[in-house]
Structure formats: C-alpha cells, structure tokens
Amino acid sequence: NAPHPNMVQPGSVNVAVAPPRAADDGAETQRQRHELVALIKSQTFIDIIIRNALENHEDLPGSLDAALDKMTNLHANLFNFGIFMSGFQFVGVLVENEPVEPFEFVGMFILCIGFFLSMFSALISFIAMEYFNGIKNEEPEFIVLGIMKYKRFFWFSELVLFGDTVAFLLSMNILIHSYLNPMEAWVLNGFCLIGFSMLGIAFVTIVMARQSYTNPITGKVCQR
C-alpha cells in the first residue's frame, strides 16, 4: 500500500512551510487603499493630491509621504508670497503721506487690510508646514483622517492670500489718483480691471473647474 501523504516516513524530516502571505498582504493593502479614498469627499487641491497618491502608487506609506512633501512645498510657496506681499504693503503704509481726500483714506485702509491678510496667510501656511512635517511616517489612516479634518483651515491660506492680492490691487488703483492726472488714473484702472477679470476667469477655468481633455488621436476622454 502507498504511504499516506501526511505520514512521517522513517528517516524523513518534517519541514513546516509557511503559507504565502504576499497575496493576503496585497489584498489588505488594496482594501485599506479603497477605505482611505472613500474618505475624500471634495475636490480641493489637497484632496486631489491625496487621492492621486492613494490611487496611483503601490507603496501606500511612501506615496503619502510624497504627498505630504508636495503640500509642504505648496505652503512654503504660499508662505513666501505672503511675506513678500506684506513687505510691499508695509512699506506702502510707511511712505504714504497723510491722507487728505476721502478716497485716500479708503485706499490706505484697504492697504492695511491687505497687510494683515498677508500675515494671516503666512501664519496659516507656517502651521500647515509644521503639521505636514509632524505627521510623516505615521499610519496611513492617521495621515488621511488628520488632513481631512484640517484641510479647510489649510485651504483658507489660499483664499486669504487671494483676498490679500485683491486688496493690494484695489488700494493701488485708488491711491494712483493722488499722483496721476484723472485721465491717466482712469486708464490704468480700466487696464487693471480688464486684466484682473481675465485672470479671474483663467483661475476658475484652470484651477477650480472640473478638467476634461480629449486625446485627438485615440478619442479617449480624460477627466479629473
């Protein structure tokens, strides 16, 4: 009779072979990846960075660390721009003569508002950079949940800096009436209005709106 396969034969050595875990680990990673993607509900810039990191990379912890580096660089640029703008506005407040006309008071008031907005934006970006650097190498779920909790606060830095830019342009368009003749001042006002309107449309179209591109060769439609 043939020996039973589980029987230990004389002189043989039993070797325990562990079942393969690669398939189980891959399935667990995919399950965790889908759960984390499901936490992302909106389409802010931070949401897009995190979603792309989760969906387009195999190494889940490494991809999230790369996403944190991208967001840190983003807020570093916002921080530098906010400090840059605040310097111009601070100098403008110092060197400006004492307002005489009512519109000069309005222009200086808006310029001061812009200075405070730029500083607020820089401080928010500083907090964001500290937070992103602090949660590196944490568990993926902890990272995603934390970013989803505070993302609106971090996004506020972009909105405040945008408002700061608007305040700076508006104050300059008011104050130039103190130094130029009326015709020149109104021409510059019109030029700024047209240029800023075009940039506003470009911002909404390129950054805020949902993107859709069609490959002219294959006809494939790519959307974000």
Side-chain angles (χ1 to χ4, degrees), residues 41-49 52 70-129 150-214 216 221-224:
K41 304 295 185 182
S42 56
Q43 290 289 334
T44 66
F45 195 65
I46 290 180
D47 291 310
I48 294 171
I49 292 177
N52 289 340
K70 288 183 179 180
M71 291 186 290
T72 300
N73 290 334
L74 167 67
H75 280 276
N77 292 331
L78 293 174
F79 176 83
N80 292 333
F81 185 63
I83 295 297
F84 177 77
M85 289 291 294
S86 67
F88 271 108
Q89 290 157 335
F90 182 71
V91 171
V93 172
L94 287 182
V95 302
E96 180 65 25
N97 296 326
E98 183 178 354
V100 177
E101 300 293 334
F103 71 87
E104 293 178 339
F105 282 98
V106 174
M108 287 297 297
F109 178 72
I110 296 175
L111 187 63
C112 292
I113 290 177
F115 171 76
F116 290 120
L117 289 178
S118 61
M119 294 305 301
F120 288 152
S121 175
L123 289 174
I124 295 172
S125 292
F126 176 78
I127 294 172
M129 289 187 290
Y150 298 119
K151 67 178 181 180
R152 296 190 184 279
F153 175 73
F154 299 147
W155 186 50
F156 197 60
S157 174
E158 302 175 37
L159 296 181
V160 171
L161 195 55
F162 185 80
D164 167 43
T165 306
V166 173
F168 182 72
L169 287 174
L170 185 58
S171 63
M172 291 299 100
N173 274 276
I174 294 175
L175 293 175
I176 59 174
H177 287 267
S178 300
Y179 303 97
L180 302 177
N181 63 59
M183 179 61 69
E184 293 174 340
W186 284 113
V187 168
L188 287 177
N189 290 157
F191 176 78
C192 289
L193 178 62
I194 295 173
F196 191 76
S197 299
M198 294 175 62
L199 291 174
I201 295 173
F203 177 79
V204 173
T205 303
I206 298 172
V207 178
M208 302 297 294
R210 185 177 182 86
Q211 300 298 303
S212 178
Y213 313 117
T214 303
V221 177
C222 301
Q223 292 183 339
R224 184 197 75 181

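Bear in mind that the values here come from a model prediction, so they are computed numbers and not experimental data.
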Set of side chain to side chain contact (heavy atoms under 4.5 Å, CB included) partners for [X], sequence neighbours left out:
{"X": "A185", "value": "I176, H177, L180"}
{"X": "V187", "value": "M183"}
{"X": "M172", "value": "L111, F168, L175"}

Would you mind reporting whether [Y] and [X] have side-chain heavy atoms less than 4.5 Å apart?
{"X": "E158", "Y": "L74", "value": "yes"}
{"X": "Y150", "Y": "I127", "value": "no"}
{"X": "D164", "Y": "F120", "value": "no"}

For this session: Would you please name every residue forming a side-chain hydrogen bond (donor to acceptor under 3.5 Å, both in side chains) with S121, sequence neighbours left out?
Result: S157

Exercise. Among all residues two or more places apart in sequence or in another chain, which pass the side-chain hydrogen bond (donor to acceptor under 3.5 Å, both in side chains) test with S118?
Worked result: Q89

Problem set entry | Separation of F154 CZ from L78 CG (nearest 0.5 Å) | 12.5 Å

Exercise. Measuring from I46:CD1 to K151:NZ, what's the distance to the nearest 0.5 Å?
Worked result: 8.5 Å

For this session: With sequence neighbours excluded, give me every side chain to side chain donor-acceptor pair (under 3.5 Å) pair touching residues 72-86.
Result: H75-S125

Problem set entry | Ring centres under 6.0 angstrom apart (F84, F88) | yes

